[in-house]
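Remarks on the structure that follows.
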Amino acid sequence: MSRAELADELGLCVETLRRWADARRGPKFVRAGRKILYRRSTVLAWLEEQEGIGPVASAGQTRAGRRPGGKSMSRQALGKLGRAQ
């Protein structure tokens, strides 16, 4: 999938994925000439790794990465990506 497609699936902007790639963060990608492509299986594995990483919230605080309804962004993205296979 392209960087734009992944950004849309994760609810991020393309520039965020670009910065993550420059900083060697985020899911691994493949270069095809000037094009950046992400393997769906690699993105799913990366999202699963992210579930155990992150700040622990204090009582009464919302954990980073949470959306209204209490579902983590990675679980929502994981579900969307898993259905698209």
Side-chain angles (χ1 to χ4, degrees):
M1 79 177 57
S2 71
R3 186 175 274 167
E5 291 169 331
L6 180 60
D8 185 53
E9 291 282 338
L10 297 177
L12 302 170
C13 66
V14 173
E15 185 58 32
T16 298
L17 290 174
R18 185 174 289 119
R19 281 194 312 267
W20 285 359
D22 290 344
R24 298 184 187 261
R25 293 179 49 198
K28 293 184 180 177
F29 57 88
V30 176
R31 288 187 193 268
R34 296 182 73 182
K35 200 167 197 165
I36 301 293
L37 300 171
Y38 295 86
R39 288 191 175 101
R40 194 169 298 279
S41 59
T42 302
V43 173
L44 289 171
W46 177 79
L47 284 170
E48 288 176 353
E49 288 174 17
Q50 300 313 300
E51 289 183 349
I53 300 173
V56 177
S58 301
Q61 289 183 334
T62 303
R63 266 187 63 185
R66 293 278 175 179
R67 290 186 171 178
K71 291 184 179 178
S72 69
M73 184 183 337
S74 61
R75 281 204 188 277
Q76 288 177 346
L78 183 63
K80 285 173 92 174
L81 289 169
R83 287 191 300 270
Q85 285 185 338

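Along the sequence shown, residues carry numbers from 1.
- Rounding to the nearest 0.5 Å gives a distance of 4.0 Å between CH2 of W20 and CH2 of W46.
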CA sep, side-chain torsions, deciding dist, call: L37, M1, side-chain contact (heavy atoms from CB on, under 4.5 Å): CA-CA 5 Å; L37 300 171; M1 79 177 57; over 6 Å; no
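- The two residues A7 and C13 have their closest heavy-atom pair at CB-C, 3.9 Å.
- The heavy-atom pair separating V43 from P27 by the smallest distance is CG2-CB, 4.1 Å.
- Atoms CG and CG, from L17 and D22 in turn, are 11.0 Å apart once rounded to the nearest 0.5 Å.
- In the displayed structure, R39 atom CZ is contacted under 6.0 Å by at most 12 heavy atoms of other residues, nucleotides or ligands.
- Atoms CZ and CD, from R25 and Q50 in turn, are 8.5 Å apart once rounded to the nearest 0.5 Å.
- Taking hydrophobic clusters as Ile, Leu, Val, Met, Phe, Trp and Tyr residues chained together by side-chain heavy-atom distances below 4.5 Å, L44 shares a cluster with L12.
- Interatomic distance, T16 OG1 to L6 CG, rounded to the nearest 0.5 Å: 11.0 Å.
- Of all heavy-atom pairs between R3 and Y38, the closest is NE-OH, 3.5 Å.
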